[in-house]
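Input: a single structure, listed below in structure tokens.
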Amino acid sequence: MIRQATKYDKDQIKEMMLMFKTESQIQQYQDIEESEYWHRLIDSIIAGQGVIFIKENVGLIAGIVFPTIWSDKIYALHELAWYVKPAFRNTTAGYRLLNAYIKYGKHLKDSGRIAFFTLSKLPNTKIDYARFGFSKMDENWIQ
């Protein structure tokens, strides 16, 4: 069952995020370990600054709401991480997590809380995001 995470899921969230970090192969992230920061971030998201949807010990998708670059009065939901444990890939788990995030983003848009919501795409992702109504706006590069 996909559900919104609570404070009782923090250990599980951190475990999956560490797995995500390792698998992402972003070298600049590999040596970072700031548990206090992660606990504060998770607390603020769970308290309403965003959302984390979780499938118990399977995967998660997390997003945070903050002002856009052009106005502190216009907000957007930005996906931070979408992770499914390797044993559960090629099942419906990832799709159902994504679907929960999309429904939540649409709800925030319809209620006027945000102007838009985003989804990142890692190089090894084969999903066609346009199928879900997303438009490619830019690419991020890292050095």
Side-chain angles (χ1 to χ4, degrees), residues 1-30 32 34-86 88-143:
M1 173 179 79
I2 306 288
R3 62 176 175 77
Q4 207 162 333
T6 70
K7 65 182 180 180
Y8 301 107
D9 297 308
K10 285 170 64 172
D11 289 337
Q12 181 177 183
I13 292 166
K14 185 174 178 189
E15 173 195 356
M16 283 193 265
M17 289 304 301
L18 290 172
M19 294 170 80
F20 174 79
K21 178 176 77 166
T22 300
E23 286 184 48
S24 74
Q25 298 180 11
I26 298 173
Q27 192 59 41
Q28 292 84 343
Y29 292 165
Q30 299 309 313
I32 299 171
E34 294 192 31
S35 293
E36 288 182 37
Y37 168 73
W38 261 102
H39 285 285
R40 287 192 320 268
L41 179 63
I42 292 167
D43 287 343
S44 67
I45 291 170
I46 289 171
Q49 189 181 355
V51 69
I52 301 171
F53 287 105
I54 194 164
K55 180 164 176 58
E56 200 79 28
N57 295 309
V58 171
L60 60 76
I61 191 166
I64 191 165
V65 174
F66 55 85
T68 63
I69 190 171
W70 302 112
S71 173
D72 64 351
K73 296 170 187 67
I74 300 172
Y75 289 80
L77 171 66
H78 296 275
E79 178 254 329
L80 296 175
W82 178 20
Y83 181 76
V84 176
K85 290 182 177 181
F88 300 98
R89 293 180 188 158
N90 298 315
T91 70
T92 61
Y95 168 79
R96 293 187 338 210
L97 287 162
L98 175 61
N99 194 42
Y101 176 81
I102 291 170
K103 285 182 181 179
Y104 183 78
K106 286 180 178 179
H107 168 73
L108 292 182
K109 275 181 65 175
D110 292 346
S111 67
R113 182 165 176 217
I114 63 170
F116 61 91
F117 58 103
T118 68
L119 188 60
S120 301
K121 186 172 184 179
L122 294 174
N124 59 352
T125 303
K126 294 176 177 46
I127 297 170
D128 176 13
Y129 289 0
R131 178 178 139 209
F132 298 98
F134 289 91
S135 300
K136 181 178 178 180
M137 296 304 293
D138 62 21
E139 292 185 36
N140 294 305
W141 298 68
I142 192 166
Q143 178 176 345

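Here the side chains of Glu23 and Tyr83 are in contact, with some heavy-atom distance below 4.5 Å. Inter-residue side-chain proximity for Leu108 and Val51 is flagged as unmet; no heavy-atom pair is nearer than 4.5 Å.
Of all non-hydrogen atoms in Ser71 and Pro67, the two that sit nearest each other are O-CB, 3.7 Å. Between Gly48 and Arg113, the shortest heavy-atom distance links the atoms O-NH2, 2.7 Å. The nearest pair of heavy atoms linking Val58 to Ala93 is CG1-CB, 3.7 Å. When all heavy atoms are compared, the tightest approach of Leu77 to Gly63 is CD1-C, 3.6 Å. The minimum heavy-atom distance between Ala115 and Lys109, with the atom names listed, is O-CE, 3.8 Å. Considering all non-hydrogen atoms of both residues, His78 and Phe66 come closest at CD2-CZ, 3.4 Å.
Distance check, rounded to the nearest 0.5 Å: CG of Leu60 to CH2 of Trp82 gives 11.5 Å. From Ile2, atom CD1 reaches atom CG of Asn99 across 9.5 Å, with rounding to the nearest 0.5 Å. Going from atom CD1 of Ile114 over to atom NE2 of His107 covers 9.5 Å, rounded to the nearest 0.5 Å. Distance check, rounded to the nearest 0.5 Å: CD of Glu15 to CG of Asn57 gives 7.0 Å. Within the model, atoms CD of Glu79 and CD1 of Ile64 stand 12.0 Å from one another, a figure rounded to the nearest 0.5 Å. In this structure, His39 NE2 and Lys10 NZ are separated by 5.5 Å, a value rounded to the nearest 0.5 Å.
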Go through the steps for Ile52 and Met16 under the test side-chain contact (heavy atoms from CB on, under 4.5 Å), then give the verdict. CA-CA 12 Å; Ile52 301 171; Met16 283 193 265; over 6 Å; no
Start with the C-alpha distance between Leu98 and Leu119, add both sets of side-chain angles, then the distance that settles side-chain contact (heavy atoms from CB on, under 4.5 Å), and finish with yes or no. CA-CA 9 Å; Leu98 175 61; Leu119 188 60; 3.5 Å; yes
Trace of the side-chain contact (heavy atoms from CB on, under 4.5 Å) decision for Thr22 with Met19: CA-CA 5 Å; Thr22 300; Met19 294 170 80; 5.8 Å; no
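If you run side-chain contact (heavy atoms from CB on, under 4.5 Å) between Asp9 and each of Arg3, Lys14, Gln4, only Arg3 comes through.
Ring geometry for Phe53 against Tyr104 counts as perpendicular: the plane angle is over 60°, on a 0 to 90° scale with 30° as the lower cut.
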